Structures are given as C-alpha cells and as structure tokens.
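Below: one structure, written as structure tokens.
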Amino acid sequence: MELKYLGTAAYEGFPGLFCECEACKMAESKGGKNIRTRTSMLINKDTLIDFSPDAYLHKLKYNLNLAKVRHFVITHSHSDHFNPLDLMARCEGNYAHFDAENKGSVVEVYGNDKVKACLDQAIQIEFGGNQSFIGYTQVVPFTTYEVGTLKVTPLLAQHQTDEQSLIYLIEEDGKTLLYGNDTGIFPEETFEYLKTVKLDVVSLDCTHGAKHRGGYGHLGLESCVEVKERLLEIGSATENTTFILTHFSHNGGLCHEDLEKQAKPYQFVVSYDGMELAL
C-alpha cells in the first residue's frame with residue numbers, strides 16, 4: 001500500500017487563508033514543510049481519502065494524474081474534506097479525450113448521507129441532476145467494502161452532533177492503516193471494533209498541536225497520546241506500529257520543527273505535505 005499525504009492542514013490551511021497570527025507569519029517566513037494545504041491522502045494512485053479544495057494545487061505540485069483516481073472515500077461533508085463542485089470536472093466532456101483507458105469511466109464516491117446530499121446539490125447545479133460518471137455508496141459503520149484493491153471499513157468518529165462523521169480502516173495485502181482525521185478521542189464502539197485488528201500505521205488528527213488536550217471533535221498532542229495508549233492497551237497497536245500526526249491548524253501555534261520536538265518523546269511522526277510511506 002503506497003500512501004502520500006497531499007495536504008496536512010485543517011480548514012484554514014497553514015498559514016491561514018486570512019490570518020496574520022505569529023504562527024502563520026512564521027510558517028510563511030520559513031516555508032518548506034511549514035506550508036500546509038487542506039487535508040487529503042492518495043493511496044495507490046487510484047484512491048483519494050477526502051477530496052480537498054486544494055486538489056488542483058496537489059495535481060500541479062506533485063504531477064498527479066487524477067484521471068487515474070477511481071475511488072473517493074470521504075470522512076464527512078465539511079468543505080475542507082469534500083469539494084463536490086470540483087468533482088464535476090470529472091465528466092467526460094472535461095477530461096480524457098485522449099485517454100482510451102479512462103474515457104467514459106465511472107468513479108465511485110463513498111461517504112455518509114450528508115456527503116451524498118452535497119454531491120447531489122453539486123450535480124444539480126452543474127448538470128440539472130443528470131449525470132452518468134459518478135456512482136455513490138452510502139457506507140454503514142463497521143461494514144467492510146471492496147474499494148479497488150483495498151478493503152475499507154468506516155468506523156465512528158467523534159466530530160460533530162449533526163453528522164455521522166467517519167474515520168477509516170484500510171487494508172491491503174495484510175497491511176492495515178487507521179486513518180483518523182477530524183475526530184476527538186474515538187467512541188467506545190470504535191475502540192471495541194479495533195480490539196480484533198492489528199494496526200501497522202495509525203494517522204491521527206492533531207488539529208490543536210501541543211497547545212491543547214483537544215475537546216470534542218479534534219485531537220491535540222495530549223489526547224493523541226491517550227488514543228495511542230488505548231490502542232496499545234487493547235492490543236491493536238504494538239511497538240512496531242507507526243503513529244503519524246496530521247491535520248494541523250495555526251491555532252495550535254507551532255510550526256513543523258517545533259511540532260517534531262514536542263512529538264518526539266511520544267514517538268510520533270509529524271507529517272508534512274508530500275510525505276510518502278509504503279506499507
């Protein structure tokens with residue numbers, strides 16, 4: 001399984017879109033790994049976890065062939081995680097005129113009912129409700145789906161009260177990733193499910209950086225430590241499991257090197273835009 005972190009920031013980006021705080025000024029000054037776009041992960045070149053409003057930038061920056069992406073696995077409907085209007089450009093009239101392999105192919109979107117509603121609205125705006133290039137699977141938590149070569153299981157997140165937000169367990173060839181963006185400490189049902197799973201990589205939301213424990217809906221470093229300890233306690237994780245932090249906000253107040261210093265004692269890897277990992 002090949003993983004690429006395309007974006008590693010929260011809603012505002014980092015530096016923030018309209019922000020002049022000290023953290024944003026520092027990120028702008030230092031550049032490099034301190035410049036973070038909105039969150040998304042590419043798996044095996046054909047699957048995107050979340051479809052960021054920065055997808056076009058990711059295409060240009062990393063020379064991606066997004067025509068190869070057939071599966072869009074969405075955590076929830078917030079605009080930094082799902083940008084359905086840009087997905088309308090996947091229609092045959094806008095792409096693949098010279099690509100016989102992909103011409104006319106259908107992509108599949110996976111998500112909850114609110115993601116479906118956002119997608120339907122975009123289709124209505126652009127095509128009057130009629131289209132033939134997108135399929136939709138409304139996923140059920142704790143049910144496993146065949147997504148290309150991957151096995152994908154949605155698990156419950158703790159993110160908001162008006163939407164069933166999800167994190168995802170992703171498996172291929174005996175290797176397992178837990179993708180845990182936009183959640184506080186996992187609900188008990190999720191920990192219970194994970195008791196029977198062996199995790200190779202755990203990617204955790206760290207929106208609050210090291211500044212806060214993290215309340216409902218997001219994690220900070222302290223609460224990421226709690227999640228790690230719980231996964232070790234129930235046997236899902238071992239000393240060989242790689243724990244990665246991502247989805248950072250300028251509100252956490254720390255740039256990349258400072259985050260690394262804070263995370264090092266807990267053996268967390270701090271992700272950055274463009275980071276790659278092979279399982």
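Predicted model, so just to flag it, every value in this text is computed and none were measured.
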Beyond-backbone contact of T246 with D205, side-chain heavy atoms, under 4.5 angstrom:
no

Which Ile, Leu, Val, Met, Phe, Trp or Tyr residues join M26 in one cluster when any pair of side-chain heavy atoms under 4.5 Å counts as a link?
none

If I take atom CG from residue L166 and atom CG from residue N112, how far apart are they, to the nearest 0.5 angstrom?
5.5 Å

Could you tell me whether the side chain of D46 and the main chain of K68 form a donor-acceptor pair under 3.5 Å?
no

Applying ring pair (Phe, Tyr, Trp, His ring centres under 6.0 Å), which residue pairs with at least one partner in residues 33-56 are found, sequence neighbours left out?
F51-F72

From CA spacing to verdict: side-chain contact (heavy atoms from CB on, under 4.5 Å), L87, L119
CA-CA 9 Å; L87 189 54; L119 180 62; 4.2 Å; yes

Cluster overlap V270 with I35, hydrophobic side-chain contacts below 4.5 Å
no

Does I123 belong to the same Ile/Leu/Val/Met/Phe/Trp/Tyr cluster as L85, with side-chain heavy atoms less than 4.5 Å apart forming each link?
no

Compare every heavy atom of F186 with every heavy atom of L204, then report the nearest pair and how far apart it is.
CD2-CZ, 3.8 Å

Test side-chain contact (heavy atoms from CB on, under 4.5 Å) applied to V197 and L178, step by step
CA-CA 10 Å; V197 176; L178 178 61; over 6 Å; no

Nearest 0.5 Å please: distance from the CE atom of M41 over to the OG1 atom of T75.
12.0 Å

Which pair of non-hydrogen atoms, one from L66 and one from A55, has the smallest distance, and what is that distance?
CD1-O, 4.0 Å

Would the distance check show the side chain of Q158 and the main-chain N or O of G217 forming a donor-acceptor pair, the cut-off being under 3.5 Å?
yes

Should the heavy atoms of other residues, nucleotides or ligands under 6.0 Å from CD of Q121 be counted, would the total exceed 12?
no

Determine whether L48 and I43 make a side-chain contact, defined as any pair of heavy atoms from C-beta on separated by less than 4.5 Å.
no

Partner residues of D273 under the side chain to side chain donor-acceptor pair (under 3.5 Å) criterion, sequence neighbours left out
T8, T37

Check for a donor-acceptor pair, side chain of T241 on one end and backbone N or O of T238 on the other, with a separation under 3.5 Å.
yes

Sub-4.5 Å side-chain heavy-atom contact between R70 and V106:
no

Exactly one of K261, R36, K33 should register a side chain to side chain donor-acceptor pair (under 3.5 Å) with H256. Which one does?
R36

Could you pull out every donor-acceptor pair under 3.5 Å between side chains of residues 142-149 and any protein atom, sequence neighbours left out?
from: T143; atom 1: OG1; to: V140; atom 2: O; distance (Å): 3.4
from: T144; atom 1: OG1; to: T153; atom 2: OG1; distance (Å): 2.7
from: Y145; atom 1: OH; to: V140; atom 2: N; distance (Å): 2.7
from: T149; atom 1: OG1; to: E172; atom 2: OE2; distance (Å): 2.6

Show the numbers, then the answer: is there a side-chain contact (heavy atoms from CB on, under 4.5 Å) between M275 and V269?
CA-CA 11 Å; M275 189 176 87; V269 176; 4.2 Å; yes

Is any side-chain heavy atom of L279 closer than 4.5 Å to one of L277?
yes

Looking only at side chains, do S52 and S40 share a donor and an acceptor under 3.5 Å apart?
no

I need the L3 CG to S271 OG distance, nearest 0.5 Å.
11.5 Å

Please check if the side chain of K264 supplies one atom and the backbone of L259 the other of a donor-acceptor pair under 3.5 Å.
no

Taking atom CD as the centre, does Q138 end up with more than 12 heavy-atom neighbours from other residues, nucleotides or ligands that are less than 6.0 angstrom away?
yes

Any heavy-atom pair between the side chains of N181 and T39 that's under 4.5 Å?
yes

Please check this pair: side chain of D86 against backbone of N83, looking for a donor-acceptor N/O pair closer than 3.5 Å.
no

Hey, are the side chains of L194 and L231 touching, using non-hydrogen atoms and a 4.5 Å cut-off?
yes

Okay, side chain of T190, backbone of L156: is any donor-acceptor separation there less than 3.5 Å?
yes

Those residues that, when tested against Y110, pass side chain to side chain donor-acceptor pair (under 3.5 Å) (two or more places apart)
none

The side chain to side chain donor-acceptor pair (under 3.5 Å) partners of S77 (sequence neighbours excluded) come to E163

Whether E192 and K195 form a salt bridge (side-chain N of Lys/Arg under 4.0 Å from carboxylate O of Asp/Glu) is what I want to check.
yes

Atom pair CG (D182) and OG1 (T207), whose distance is rounded to the nearest 0.5 Å
6.0 Å

Check: D162 main-chain N/O paired with K114 side-chain donor or acceptor under 3.5 Å:
yes

Mind checking what makes ring pair (Phe, Tyr, Trp, His ring centres under 6.0 Å) contact with F133, not counting sequence neighbours?
F127

Identify the heavy atoms of G235 and K198 that sit nearest to each other, and give their distance.
O-NZ, 2.9 Å

Give a yes/no verdict on a cation-pi contact between K228 and Y266, requiring under 6.0 Å between NZ or CZ and the six-membered ring centre and an angle within 45° of the axis.
no

Could you state the interatomic distance from SG (C255) to CZ (F248), rounded to the nearest 0.5 Å?
11.5 Å

From L177 atom CG to L199 atom CG, the distance as rounded to the nearest 0.5 Å:
8.5 Å

Where A122 and P84 come nearest, the two heavy atoms and their spacing:
CB-CB, 3.8 Å

D200: partners by side chain to side chain donor-acceptor pair (under 3.5 Å), with sequence neighbours left out:
none

Is any NZ, NE, NH1 or NH2 atom of the basic residue among E188 and R230 found under 4.0 Å from an Asp or Glu carboxylate oxygen of the other?
yes

Is any side-chain heavy atom of L150 closer than 4.5 Å to one of T47?
yes

With sequence neighbours excluded, give me every ring pair (Phe, Tyr, Trp, His ring centres under 6.0 Å) pair touching residues 153-184.
H76-H159, H78-H159, H159-H218

If hydrophobic residues (ILVMFWY) are linked whenever their side-chain heavy atoms come closer than 4.5 Å, directly or via other members, who joins L232 in its cluster?
none

Report yes if the distance between the aromatic ring centroids of H247 and H208 is under 6.0 Å, otherwise no.
no

State whether the number of non-hydrogen atoms from other residues, nucleotides or ligands found under 6.0 Å of K30 atom NZ is greater than 12.
yes

Identify the two heavy atoms, one from T183 and one from L219, that lie closest to each other, and give their separation to 0.1 Å.
O-CG, 3.2 Å

hydrophobic_cluster_shared for I134 and I125, side chain cutoff 4.5 Å
no

Would you give me the side-chain donor-acceptor pairs under 3.5 Å for residues 11-21, sequence neighbours excluded?
none

Would E276 and E2 count as a side-chain contact (heavy atoms from CB on, under 4.5 Å) here? Give the steps.
CA-CA 7 Å; E276 295 181 338; E2 296 179 354; over 6 Å; no

Under 4.5 Å between any side-chain heavy atoms of L245 and C224, yes or no?
yes

Under 4.5 Å between side-chain heavy atoms, hopping through other hydrophobics if needed: is there a path connecting Y136 to I74?
yes

Could you tell me whether R38 and D50 make a salt bridge, using a distance below 4.0 angstrom between a side-chain N and a carboxylate O?
no

Who clusters with L57? Use side-chain heavy atoms, under 4.5 angstrom, across I, L, V, M, F, W and Y, and order the result by chain and number.
none

Take a 6.0 Å sphere around CD of E28 and say whether it holds more than 12 heavy atoms from other residues, nucleotides or ligands.
yes

